[in-house]
Amino acid sequence: MEHFIYGGDYNPDQWLDRPDILKEDVRLMKNAHMNEATLGVFAWAVEEPREGEYHLDWLEEIIDRLYENGISTILATPSGARPRWLAEKYPEVLRTLPDGTKAKFGGRHNHCFTSPVYRQKVYEIDRKLAEKFAGNPAVIGWHISNEFGGECYCPLCQEAFRQWLKKKYGTIEALNRAWWSTFWSHTYADFSEVEAPSPIGESATMGLDLDWKRFITDQTADFMKVEKKALKDGGAAQPMTINMMYDYDGLDYGRMAKDLDIISWDSYPEWGGPEGNEKPALGHGRCHDYMRSLKDQPFLLMESCPSSTNWQEVSRLKAPGLLTCASLHAIGHGADSVQYFQIRQSRGSSEKFHGALIDQTGRDDTRVYKEAAEVGRMLERISRAKGAVTRARAALVQDTQNRWAIADTQGPRNCGMGYLEFIQELYRALKKQGIDVDVIDQDHGYEPYDLIVLPMLYSVRNENDRRLKAFVENGGVLVGTYFTGVVDETDLCFEGDTPHGLTDVFGIRRLEIDGLYDGQKNTLTGNGKTYSCDRLCERIAPEGAETLLTYGEDFYAGESALTVHAFGKGKAYYLAAHADEALLSDLMRRAIFDAGIGPLVQDLPSGVEVQSRLKGDSTYLFFENFGTEEGKISLSKNESVLYGEQDGSIPPCHVLVVERKN
């Protein structure tokens, strides 16, 4: 599409008895400057009310009517929620819980991804949809299922897991070695003895836990491929996507991204809390960057809320301007769309109070509708930036499989290792310097970057130690932290000195790691400054590294806590403790300087975020003020304002888009 996609989830199947409403919806969407609708996400019971009986003419009529009014369709497959007839006739499609209980019909995603019957029924409805709509010019893409997630423990899944393990390890002896199964005499004699981890069975074999999670990702991806095949067999050639979720750890999205044409995700920040809007904006900015980095290309913001959600603990209204601010925030981080759940509010069931473009009054003079229409106008004004890419020179490593392993460590803290919180703190420190940041996993290449920040890389895989060493040798700047290089991908501790494979890079050797109780702190001192630290403190021995900070308290007072080491053409910092915001800010500022990365703008105002996207000879700068004070950007002669105040001022909950000619 020429312009940014602007639209969202539309569920006309709930209103087929109200043609007047369906007609009015088109007018309201068009007047809000929308050019897209996502249809059919949960429409299976209407599309196939009885097995083999397909009703798709109503869908075709709506798709065509929307298209006549300039609104294209992203068409969904309906596998996210199956109809009751399917569960009644084929009970095997329902999931089995970890304790062996068979789930009853209900909810969403309550189905077994391994079930041949479910796969066949999904294939049939998907192919019917493709055969009817693949050639329709109104359909610009396919939305597969909805928010994949969850696990099934039925005999079919257990056997599929055993076959997955057999393919991975080859022999049961290799599996036993990888899982260290002689511990507690849990050695397996045959693959047939393996069962998924369970609260009433095996729950203390970390290698088993990790491989089960990897299997769940691979099995979900394999189910997704069945849906893709059905669409392609039906003639579909449009791009295909799935909608991912915020910091979801039930699946490794990095593995799934390889089989997708476009990345899309659903963003629902908890706006308006006691800590203000900066914190949720930074959290979702990091997730935007993660989604963009999965394929190093623009993504779709498949769902967001035009007003307040109904499922968060507290559902605050968006203050005036915040919808525009949040929408541009996604665009700045690499989105080529702003899409809502939902277009028209439901009358009943669990999401009847979830915000929508069109609420239950059906009016076009509501505060939310008018601001949404302004978002549409804004996206049209900045449409020349659609398709522009981000070329970040700094990367933060956030790895889902490493997150699984840390959550399962059983020490040195079992009340919260704080992996994701630490990543967010480091991300904040980077973004406060006014730079673009990619958020990548261990499978991503390191070649595009000058700076890599590596928090708590506990579990090392994919020859990551070798690749990081090469990165620094070739001139890169690496910032590593405590709890790095401890175990391999099946959670076996490395033998010898750690951080494994990186002791020469960092110029240090780990001695011990101390877990502090909540509320306990230590200090880090050096160069006339004192910082605080908590949660985890490592004792390290420098072996060539220069000590920058030392511990101020406890029996390891005076020992190294922050070091820097020249290695090859680059340098590596090692932070041995969970440090406060002031130290992280100072450390990131120093590392960014060493890497030769300049800020996107000088003197970024407090509370204002900035991102950049490149296209042709232009750099597009996106500013959003999530703070409480007005900020102002100094504009140069080669910069012009595309949207916002022409003098560069940005009041709270306002935005600014600047085009800079390179």
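All values derive from a computational prediction rather than experimental measurement.
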Asks: I'd like to know if the side chain of Y574 pairs up with that of E538 as donor and acceptor (distance under 3.5 Å, no hydrogens or angles considered).
Replies: yes
Asks: List the residues meeting salt bridge (charged side-chain N to carboxylate O under 4.0 Å, His left out) with E270, not counting sequence neighbours, and say none if there are none.
Replies: none
Asks: Measuring only between side-chain heavy atoms, which start at C-beta, is D441 closer than 4.5 Å to Y253?
Replies: no
Asks: Can you say whether the rings of F626 and W271 are parallel (under 30°), tilted (30 to 60°) or perpendicular (over 60°)?
Replies: parallel
Asks: Could you tell me if the ring centre of Y482 sits under 6.0 Å from that of F422?
Replies: yes
Asks: Ring-plane angle category for F148 and F113, please: parallel below 30°, perpendicular beyond 60°, tilted otherwise.
Replies: perpendicular
Asks: Listed by chain and number, what are the salt bridge (charged side-chain N to carboxylate O under 4.0 Å, His left out) partners of E581, not counting sequence neighbours?
Replies: R428
Asks: Any side-chain donor paired with an acceptor under 3.5 Å for N462 and Q442?
Replies: no
Asks: Please walk me through it: do H284 and W265 pass ring-ring contact (aromatic ring centres under 6.0 Å, His included)?
Replies: CA-CA 11 Å; H284 282 254; W265 81 289; 5.7 Å; yes
Asks: Not counting sequence neighbours, which residues clear side chain to side chain donor-acceptor pair (under 3.5 Å) with D218? List them please.
Replies: W164, R255
Asks: Hey, would you say the H333 and F299 ring centroids sit under 6.0 Å apart?
Replies: no
Asks: Could you check if a side-chain atom of R461 sits within less than 4.5 angstrom of a side-chain atom of D399, using non-hydrogen atoms only?
Replies: yes
Asks: Between Y446 and R467, is there a cation-pi geometry (under 6.0 Å to ring centre, at most 45° from the normal)?
Replies: yes
Asks: Is it the case that H578 and E425 place a side-chain donor and acceptor less than 3.5 Å from each other?
Replies: yes
Asks: Assess, by modelled atom type and distance only, whether the side chains of D491 and Y458 contain a donor and an acceptor separated by less than 3.5 Å.
Replies: yes
